[in-house]
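Remember, predicted model here, so these are calculated numbers, not experimental data. Each ligand, and each atom within it, is numbered from 1 in the order the structure gives. Sequence positions, counted from 1, serve as the residue numbers for this chain.
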Amino acid sequence: MTSVSRAIREVLLTGDKSAKVFATRKLARDWRAGKLAIRFDCPMPDRPEWPSDLDLRLPRDMPRRGKGGSEKGRLALWHSLAHIEFVAIDLALDMAGRFGESMGEDFVADFLSVAADEAMHFALLERKLDSLGSTYGALPAHDGLWSAAKDTAHDVAARLAIVPMVLEARGLDVTPATLERVRTQGDENGAKILQRILDDEIRHVAFGAKHFRSICATRDENPPESWRNLVKIHFSGGLKPPFNDSARSAAGLSRDFYEGIV
Ligand SMILES: [Fe+2]
Ligand SMILES: [Fe+2]
(Lines give C-alpha, C1' and ligand atoms only; values in the text may rest on other atoms or scores of the structure.)
(Ligands and ions follow the chains in the order given, each with its own letter.)
Protein backbone atom coordinates (compact mmCIF):
# COMPACT_ATOMS: atom_id res chain seq x y z
CA MET A 1 0.00 0.00 0.00
CA THR A 2 1.18 3.51 -0.79
CA SER A 3 1.80 5.56 2.33
CA VAL A 4 -0.38 8.60 2.90
CA SER A 5 2.69 10.85 3.03
CA ARG A 6 3.93 9.63 -0.36
CA ALA A 7 0.48 10.13 -1.87
CA ILE A 8 0.31 13.67 -0.44
CA ARG A 9 3.78 14.50 -1.71
CA GLU A 10 2.82 13.39 -5.21
CA VAL A 11 -0.19 15.69 -5.27
CA LEU A 12 1.86 18.63 -3.94
CA LEU A 13 4.32 18.06 -6.78
CA THR A 14 1.56 18.02 -9.41
CA GLY A 15 1.68 21.38 -11.16
CA ASP A 16 -1.08 21.10 -13.73
CA LYS A 17 -4.23 22.71 -12.33
CA SER A 18 -6.77 20.13 -13.46
CA ALA A 19 -4.50 17.24 -12.54
CA LYS A 20 -4.00 18.69 -9.04
CA VAL A 21 -7.75 19.06 -8.49
CA PHE A 22 -8.40 15.52 -9.70
CA ALA A 23 -5.54 14.04 -7.66
CA THR A 24 -6.56 15.88 -4.48
CA ARG A 25 -10.10 14.59 -4.62
CA LYS A 26 -8.87 11.07 -5.34
CA LEU A 27 -6.43 11.26 -2.44
CA ALA A 28 -9.22 12.26 -0.03
CA ARG A 29 -11.40 9.42 -1.31
CA ASP A 30 -8.57 6.88 -1.04
CA TRP A 31 -7.88 7.99 2.51
CA ARG A 32 -11.53 7.60 3.52
CA ALA A 33 -11.66 4.17 1.87
CA GLY A 34 -8.63 3.00 3.87
CA LYS A 35 -6.52 2.57 0.73
CA LEU A 36 -3.48 4.44 2.12
CA ALA A 37 -1.04 3.16 4.72
CA ILE A 38 -0.76 5.44 7.76
CA ARG A 39 2.99 5.93 7.43
CA PHE A 40 4.96 9.15 7.30
CA ASP A 41 8.05 7.92 5.49
CA CYS A 42 8.32 10.68 2.95
CA PRO A 43 9.23 14.36 3.44
CA MET A 44 7.07 17.18 2.14
CA PRO A 45 8.59 19.42 -0.57
CA ASP A 46 9.67 22.93 0.45
CA ARG A 47 7.48 24.35 -2.23
CA PRO A 48 4.66 22.68 -4.19
CA GLU A 49 4.43 22.71 -7.97
CA TRP A 50 2.04 25.17 -9.61
CA PRO A 51 1.23 25.67 -13.30
CA SER A 52 4.52 26.44 -15.03
CA ASP A 53 3.07 29.35 -17.01
CA LEU A 54 1.60 31.10 -13.95
CA ASP A 55 2.75 34.74 -13.89
CA LEU A 56 3.71 35.11 -10.23
CA ARG A 57 4.35 38.64 -9.03
CA LEU A 58 5.28 40.30 -5.78
CA PRO A 59 2.26 41.93 -4.10
CA ARG A 60 3.59 45.41 -4.97
CA ASP A 61 3.82 44.48 -8.66
CA MET A 62 0.24 43.26 -8.88
CA PRO A 63 -2.03 45.37 -11.09
CA ARG A 64 -4.53 47.45 -9.09
CA ARG A 65 -7.98 45.96 -9.08
CA GLY A 66 -10.13 48.90 -7.99
CA LYS A 67 -13.53 48.56 -6.38
CA GLY A 68 -15.53 49.52 -9.45
CA GLY A 69 -17.73 47.04 -11.20
CA SER A 70 -15.85 47.09 -14.50
CA GLU A 71 -15.58 43.85 -16.38
CA LYS A 72 -11.82 43.91 -15.92
CA GLY A 73 -12.21 44.42 -12.19
CA ARG A 74 -14.66 41.54 -11.90
CA LEU A 75 -12.35 39.22 -13.81
CA ALA A 76 -9.46 40.19 -11.54
CA LEU A 77 -11.59 39.42 -8.48
CA TRP A 78 -12.49 35.89 -9.65
CA HIS A 79 -8.92 35.28 -10.73
CA SER A 80 -7.47 36.28 -7.38
CA LEU A 81 -10.04 34.12 -5.55
CA ALA A 82 -9.16 31.18 -7.80
CA HIS A 83 -5.48 31.65 -6.95
CA ILE A 84 -6.21 31.75 -3.21
CA GLU A 85 -8.18 28.50 -3.45
CA PHE A 86 -5.51 26.85 -5.60
CA VAL A 87 -2.83 27.63 -3.03
CA ALA A 88 -5.23 26.58 -0.25
CA ILE A 89 -5.26 23.05 -1.72
CA ASP A 90 -1.52 22.79 -1.15
CA LEU A 91 -1.66 24.46 2.27
CA ALA A 92 -4.12 21.81 3.47
CA LEU A 93 -2.13 18.96 1.90
CA ASP A 94 1.11 20.19 3.43
CA MET A 95 -0.60 20.49 6.83
CA ALA A 96 -1.70 16.85 6.70
CA GLY A 97 1.57 15.50 5.29
CA ARG A 98 4.01 17.52 7.37
CA PHE A 99 2.32 17.33 10.75
CA GLY A 100 0.16 14.21 10.42
CA GLU A 101 2.66 11.95 12.14
CA SER A 102 2.78 13.98 15.35
CA MET A 103 -0.88 14.99 15.32
CA GLY A 104 -2.59 11.68 14.48
CA GLU A 105 -5.25 10.26 12.23
CA ASP A 106 -8.09 12.67 13.03
CA PHE A 107 -5.87 15.55 12.06
CA VAL A 108 -4.95 13.93 8.74
CA ALA A 109 -8.62 13.17 8.03
CA ASP A 110 -9.64 16.75 8.82
CA PHE A 111 -7.04 18.41 6.61
CA LEU A 112 -7.44 15.99 3.70
CA SER A 113 -11.13 16.85 3.75
CA VAL A 114 -10.15 20.54 3.75
CA ALA A 115 -7.90 19.91 0.73
CA ALA A 116 -10.81 18.26 -1.11
CA ASP A 117 -13.04 21.28 -0.29
CA GLU A 118 -10.40 23.68 -1.60
CA ALA A 119 -10.10 21.65 -4.80
CA MET A 120 -13.88 21.95 -5.20
CA HIS A 121 -13.73 25.71 -4.52
CA PHE A 122 -11.01 26.10 -7.11
CA ALA A 123 -12.99 24.07 -9.65
CA LEU A 124 -16.08 26.27 -9.10
CA LEU A 125 -14.01 29.42 -9.63
CA GLU A 126 -12.26 27.99 -12.66
CA ARG A 127 -15.68 27.28 -14.16
CA LYS A 128 -16.71 30.84 -13.31
CA LEU A 129 -13.62 32.21 -15.09
CA ASP A 130 -14.42 29.98 -18.03
CA SER A 131 -17.96 31.41 -18.23
CA LEU A 132 -16.37 34.87 -18.38
CA GLY A 133 -14.17 33.82 -21.28
CA SER A 134 -11.03 33.54 -19.14
CA THR A 135 -9.08 30.92 -17.24
CA TYR A 136 -6.82 30.53 -14.21
CA GLY A 137 -3.36 31.68 -15.28
CA ALA A 138 -4.63 34.34 -17.72
CA LEU A 139 -3.85 37.10 -15.19
CA PRO A 140 -0.87 37.67 -12.87
CA ALA A 141 -1.08 35.99 -9.46
CA HIS A 142 0.13 37.03 -6.04
CA ASP A 143 3.41 35.33 -5.08
CA GLY A 144 3.17 35.77 -1.30
CA LEU A 145 0.74 33.03 -0.46
CA TRP A 146 3.23 30.27 0.27
CA SER A 147 5.34 32.36 2.64
CA ALA A 148 3.10 31.61 5.64
CA ALA A 149 3.72 27.91 5.05
CA LYS A 150 7.48 28.41 4.81
CA ASP A 151 7.63 30.51 7.97
CA THR A 152 5.73 27.95 10.02
CA ALA A 153 7.10 24.68 8.65
CA HIS A 154 8.87 23.98 11.96
CA ASP A 155 5.87 24.14 14.31
CA VAL A 156 2.35 22.87 13.89
CA ALA A 157 0.99 25.30 16.49
CA ALA A 158 2.41 28.24 14.52
CA ARG A 159 1.04 26.80 11.26
CA LEU A 160 -2.46 26.40 12.73
CA ALA A 161 -2.30 29.84 14.34
CA ILE A 162 -1.52 31.52 11.03
CA VAL A 163 -3.10 29.53 8.21
CA PRO A 164 -6.58 28.56 9.41
CA MET A 165 -6.83 30.94 12.36
CA VAL A 166 -5.57 34.15 10.70
CA LEU A 167 -5.72 33.73 6.92
CA GLU A 168 -8.82 31.58 6.54
CA ALA A 169 -10.55 33.47 9.37
CA ARG A 170 -9.84 36.66 7.42
CA GLY A 171 -11.81 35.09 4.58
CA LEU A 172 -14.80 34.84 6.93
CA ASP A 173 -14.51 38.58 7.62
CA VAL A 174 -14.27 39.81 4.02
CA THR A 175 -16.37 37.33 2.03
CA PRO A 176 -19.85 38.59 3.10
CA ALA A 177 -19.14 42.09 1.70
CA THR A 178 -17.79 40.65 -1.57
CA LEU A 179 -20.83 38.41 -1.78
CA GLU A 180 -23.18 41.37 -1.31
CA ARG A 181 -21.35 43.38 -3.97
CA VAL A 182 -21.51 40.52 -6.45
CA ARG A 183 -25.23 40.03 -5.74
CA THR A 184 -25.91 43.76 -6.18
CA GLN A 185 -24.24 43.54 -9.59
CA GLY A 186 -26.83 40.91 -10.48
CA ASP A 187 -24.44 37.95 -10.44
CA GLU A 188 -26.53 35.39 -8.54
CA ASN A 189 -24.34 32.49 -9.66
CA GLY A 190 -21.24 34.24 -8.31
CA ALA A 191 -23.04 34.95 -5.03
CA LYS A 192 -23.90 31.25 -4.70
CA ILE A 193 -20.27 30.24 -5.20
CA LEU A 194 -19.16 32.66 -2.50
CA GLN A 195 -21.85 31.43 -0.09
CA ARG A 196 -20.70 27.85 -0.60
CA ILE A 197 -17.09 28.87 0.04
CA LEU A 198 -18.04 30.87 3.14
CA ASP A 199 -19.97 27.94 4.63
CA ASP A 200 -17.06 25.54 4.04
CA GLU A 201 -14.45 27.96 5.37
CA ILE A 202 -16.19 28.10 8.75
CA ARG A 203 -15.42 24.39 9.03
CA HIS A 204 -11.80 24.92 7.99
CA VAL A 205 -11.27 27.56 10.66
CA ALA A 206 -13.02 25.26 13.15
CA PHE A 207 -10.56 22.42 12.40
CA GLY A 208 -7.71 24.83 12.96
CA ALA A 209 -9.09 26.07 16.26
CA LYS A 210 -9.90 22.56 17.48
CA HIS A 211 -6.42 21.18 16.87
CA PHE A 212 -4.79 24.36 18.16
CA ARG A 213 -6.70 24.01 21.42
CA SER A 214 -5.70 20.37 21.75
CA ILE A 215 -2.01 21.26 21.32
CA CYS A 216 -2.34 23.99 23.94
CA ALA A 217 -3.96 21.47 26.30
CA THR A 218 -0.99 19.09 25.98
CA ARG A 219 1.48 21.97 26.39
CA ASP A 220 -0.52 23.36 29.30
CA GLU A 221 -0.89 26.73 27.60
CA ASN A 222 -3.74 29.20 27.43
CA PRO A 223 -5.04 29.05 23.80
CA PRO A 224 -5.86 32.75 23.21
CA GLU A 225 -2.61 33.81 24.82
CA SER A 226 -0.35 31.46 22.89
CA TRP A 227 -2.24 32.24 19.66
CA ARG A 228 -1.57 35.95 20.16
CA ASN A 229 2.12 35.28 20.79
CA LEU A 230 2.43 33.20 17.62
CA VAL A 231 0.59 35.81 15.55
CA LYS A 232 3.00 38.46 16.82
CA ILE A 233 5.99 36.38 15.73
CA HIS A 234 4.74 34.99 12.43
CA PHE A 235 2.20 37.43 11.02
CA SER A 236 3.33 40.90 10.04
CA GLY A 237 0.13 41.99 8.33
CA GLY A 238 -1.79 43.05 11.44
CA LEU A 239 -5.36 41.91 12.02
CA LYS A 240 -7.94 44.20 10.49
CA PRO A 241 -11.44 44.74 11.83
CA PRO A 242 -14.34 44.56 11.28
CA PHE A 243 -14.45 40.91 12.31
CA ASN A 244 -17.27 38.57 11.39
CA ASP A 245 -17.97 37.67 15.01
CA SER A 246 -20.80 35.25 14.31
CA ALA A 247 -18.88 33.23 11.69
CA ARG A 248 -15.77 33.30 13.87
CA SER A 249 -17.61 32.09 16.93
CA ALA A 250 -19.32 29.36 14.86
CA ALA A 251 -15.76 28.23 14.07
CA GLY A 252 -14.75 28.22 17.74
CA LEU A 253 -12.73 31.44 17.51
CA SER A 254 -14.15 33.33 20.42
CA ARG A 255 -13.57 37.04 20.83
CA ASP A 256 -11.07 36.49 23.64
CA PHE A 257 -8.63 35.37 20.91
CA TYR A 258 -8.60 38.46 18.74
CA GLU A 259 -10.02 41.21 20.92
CA GLY A 260 -7.32 43.69 21.80
CA ILE A 261 -4.80 42.38 19.24
CA VAL A 262 -5.61 45.00 16.59
FE1 LIG B 1 -11.54 27.51 0.14
FE1 LIG C 1 -10.25 26.90 3.43
What is the name of the N/O/S atom in E85 that sits closest to the Fe ion (ligand 1)?
OE1
Looking only at N, O or S atoms in H121, which is nearest to the Fe ion (ligand 1)?
ND1
Does some side-chain heavy atom of R57 sit less than 4.5 Å from a side-chain heavy atom of H142?
no
E101 vs S5 side-chain heavy atoms within contact, under 4.5 Å:
no
How open is the angle at the Fe ion (ligand 2) from atom OE1 of E201 over to atom OE2 of E168, rounded to 10 degrees?
100°
Which N, O or S atom name in E118 marks its closest approach to the Fe ion (ligand 2)?
OE2
Of all N, O or S atoms in H204, the one closest to the Fe ion (ligand 2) is ND1
Quickly, which of R203, Q195, R196 forms a side-chain hydrogen bond (donor to acceptor under 3.5 Å, both in side chains) with D199? Name it, please.
Q195
Cation-pi geometry met for R248 and Y258 (6.0 Å, 45°):
yes
K17 side chain to Y136 backbone, donor-acceptor under 3.5 Å:
yes
